[in-house]
Amino acid sequence: MDFSTIDALTSPTLKHLRARWWDDNFTEFLVETLRPRPGNRILDVGCGEGTAEVRIGRLHVSQIRLVGVDLVFDRVKTAKQQAAGHNQRVGFAVADASRLPFQAGVFDSTFCVAVLQHIADLDTAIRECARVTVEGGRVLAVEPDNKARYSYAATAAGTSAFEASVRFFDAVAAARGDAGDPKVGPKLPALFSQHGIEPLDVRLFPVSRVHLGPPPDEVWDRRLDAIAQAMANASTDTVRALGRTYQQALSAYAAEARSAGSSFIEIQNTMLFATVGQKTE
Ligand SMILES: C[S@@+](CC[C@H](N)C(=O)[O-])C[C@H]1O[C@@H](n2cnc3c(N)ncnc32)[C@H](O)[C@@H]1O
């Protein structure tokens with residue numbers, strides 16, 4: 001997997017970087033787990049702009065019926081256009097994961113990727129995924145633990161920059177009123193079993209990057225741009241103040257990294273937790 005451009009210093013989550021971590025291996029894992037058979041109906045809850053539908057479609061799994069739902073009309077519209085542009089026949093609808101507009105047991109498998117982390121009422125959303133899935137069908141959820149991101153920087157200013165980035169992005173999330181549990185990934189087996197889904201397997205997808213030697217200028221530029229963009233999108237006094245502190249910390253880190261020479265190292269790692277379950281009741 002090419003995770004080289006995923007950077008905790010530009011975003012607290014992986015959500016804006018989907019195209020970079022969602023590769024063929026990940027799609028194959030999804031398909032293998034969902035066990036599509038001819039005639040199967042498969043539901044993608046929180047389909048976003050249709051990444052799953054387009055990627056799964058490219059594998060030419062025969063005669064399955066994919067349905068994607070999302071809370072946001074514009075995402076559904078884009079997903080429809082994407083699928084049509086790839087000649088894929090997918091059903092799309094605007095719907096809330098907490099009130100899925102389907103009868104019980106109508107899907108052979110149900111999945112969601114990077115959605116539950118944004119939902120405040122997790123119990124209802126998971127219960128809905130279980131309800132619409134046929135008994136014995138697969139339920140799959142892939143979510144991160146955005147609070148468990150490992151980072152190491154070989155200079156003191158680097159450690160301060162990572163700390164400043166966490167404070168800044170937390171303030172941005174609070175200003176936006178983000179709901180949901182950013183740590184939901186490893187909690188999925190317990191949540192599944194509380195709602196009639198027997199956990200069968202958990203697969204971890206590590207997402208890592210390493211800079212040995214000082215990162216090139218474009219990395220620092222991208223980091224500074226991300227701060228400016230986040231400050232523009234969530235402009236409160238707290239966000240602005242923490243943004244300026246983070247900008248200063250990042251500039252100090254860049255200077256230290258450049259002068260540290262070839263032994264400089266920066267390491268980042270996080271994980272996606274893919275929990276596979278089977279509807280039991
Ligand atoms: C990070 S995106 C992931 C999109 C897609 N699953 C993917 O991986 O490309 C999260 C999506 O969940 C959707 N979402 C958030 N809350 C939702 C809810 N209650 N019901 C349905 N969709 C929801 C958002 O609109 C957004 O499109």
Side-chain angles (χ1 to χ4, degrees), residues 1 3 6 10-31 33-34 42-59 66-83 85-86 88 90-102 107 109-133 139-146 169 172-173 176-185 188 191 195 203 205 207 230 233 270-275:
M1 291 190 185
F3 290 135
I6 290 170
T10 63
S11 171
T13 76
L14 305 174
K15 69 183 174 185
H16 301 303
L17 303 155
R18 181 147 292 85
R20 298 175 191 153
W21 56 259
W22 191 322
D23 63 5
D24 290 346
N25 288 336
F26 185 73
T27 309
E28 276 159 26
F29 161 77
L30 267 191
V31 170
T33 303
L34 297 170
I42 297 179
L43 176 66
D44 178 6
V45 178
C47 63
E49 298 185 345
T51 305
E53 290 65 35
V54 170
R55 304 267 176 146
I56 292 173
R58 275 193 205 138
L59 294 184
L66 274 174
V67 177
V69 297
D70 199 283
L71 193 57
V72 177
F73 172 80
D74 281 349
R75 304 238 164 101
V76 171
K77 195 172 150 198
T78 305
K80 268 186 192 163
Q81 287 162 351
Q82 295 282 341
H86 288 80
Q88 278 145 16
V90 180
F92 286 108
V94 175
D96 187 338
S98 306
R99 283 186 303 278
L100 291 172
F102 305 108
F107 290 98
S109 35
T110 300
F111 71 98
C112 60
V113 179
V115 175
L116 298 175
Q117 62 177 322
H118 302 295
I119 294 183
D121 187 354
L122 276 175
D123 288 307
T124 304
I126 293 172
R127 199 179 311 124
E128 278 294 90
C129 288
R131 183 185 65 77
V132 299
T133 307
V139 180
L140 168 68
V142 185
E143 299 290 334
D145 179 348
N146 287 320
F169 286 121
V172 170
R176 280 198 309 243
D178 284 1
D181 178 357
K183 302 166 70 145
V184 68
L188 290 167
L191 286 163
H195 297 292
R203 279 269 293 272
F205 289 87
V207 182
N233 290 345
T270 190
M271 276 177 292
L272 285 165
F273 298 75
T275 300

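Just so you know, ligand 1 is whichever comes first in the structure, and atom 1 is the first atom listed for that ligand.
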K.L.:
Please state which option from Ala120, Gly68, Gly180, Ala114 has its nearest heavy atom closest to atom 2 (S) of ligand 1.
P.N.:
Ala114
K.L.:
Show me which atoms of ligand 1 lie under 4.0 Å from any heavy atom of Val115.
P.N.:
6 (N), 12 (O)
K.L.:
Between ligand 1 and Gln117, is the shortest N or O to N or O distance under 3.5 Å?
P.N.:
no
K.L.:
What part of Asp96 sits under 4.0 Å from ligand 1 if we count only heavy atoms: the side chain, the backbone, both or neither?
P.N.:
both
K.L.:
Where the side chain of Arg99 meets the backbone of Ala125, is there a donor-acceptor pair that is under 3.5 Å apart?
P.N.:
no
K.L.:
Which one of Thr275, Val115, Leu272, Leu188 satisfies the side-chain contact (heavy atoms from CB on, under 4.5 Å) criterion with Val142?
P.N.:
Leu272
K.L.:
Evaluate Val113 for polar contact with ligand 1, using N/O atom pairs at a separation under 3.5 Å.
P.N.:
yes
K.L.:
Testing Val76, Val45, Asp44, Thr78 for side-chain contact (heavy atoms from CB on, under 4.5 Å) with Asp70, which one passes?
P.N.:
Val76
K.L.:
Going by atom types alone, do Gln117 and Asn146 pair a side-chain donor with an acceptor below 3.5 Å?
P.N.:
yes
K.L.:
Which option, Glu128, His118, Arg75, owns the non-hydrogen atom nearest atom 26 (C) of ligand 1?
P.N.:
Arg75
K.L.:
Is Asp70 in polar range of ligand 1, meaning some N or O pair under 3.5 Å apart?
P.N.:
yes
K.L.:
Looking at Asp74 and Lys77, is there a salt bridge between them, counting it only when a charged N and a carboxylate O are closer than 4.0 Å?
P.N.:
no
K.L.:
Evaluate Gly46 for polar contact with ligand 1, using N/O atom pairs at a separation under 3.5 Å.
P.N.:
yes
K.L.:
Show which atoms of ligand 1 fall inside a sub-4.0 Å distance from at least one heavy-atom site of Thr51.
P.N.:
9 (O)
K.L.:
Got a donor-acceptor contact below 3.5 angstrom from the Glu53 side chain to the Ala83 backbone?
P.N.:
no
K.L.:
Would Phe205 and Phe29 count as a close aromatic pair, with their ring centres under 6.0 Å?
P.N.:
yes
K.L.:
Check ligand 1 against Ala95 and write out every atom of the ligand that is under 4.0 Å from a heavy-atom position of the residue.
P.N.:
20 (N), 21 (C)
K.L.:
Counting only nitrogen or oxygen atoms and a 3.5 angstrom limit, does Cys47 reach ligand 1?
P.N.:
no
K.L.:
So, are Asp178 and Arg176 salt-bridged, with charged N and O less than 4.0 Å apart?
P.N.:
yes
K.L.:
Is the closest N or O pair between Val72 and ligand 1 shorter than 3.5 Å?
P.N.:
no
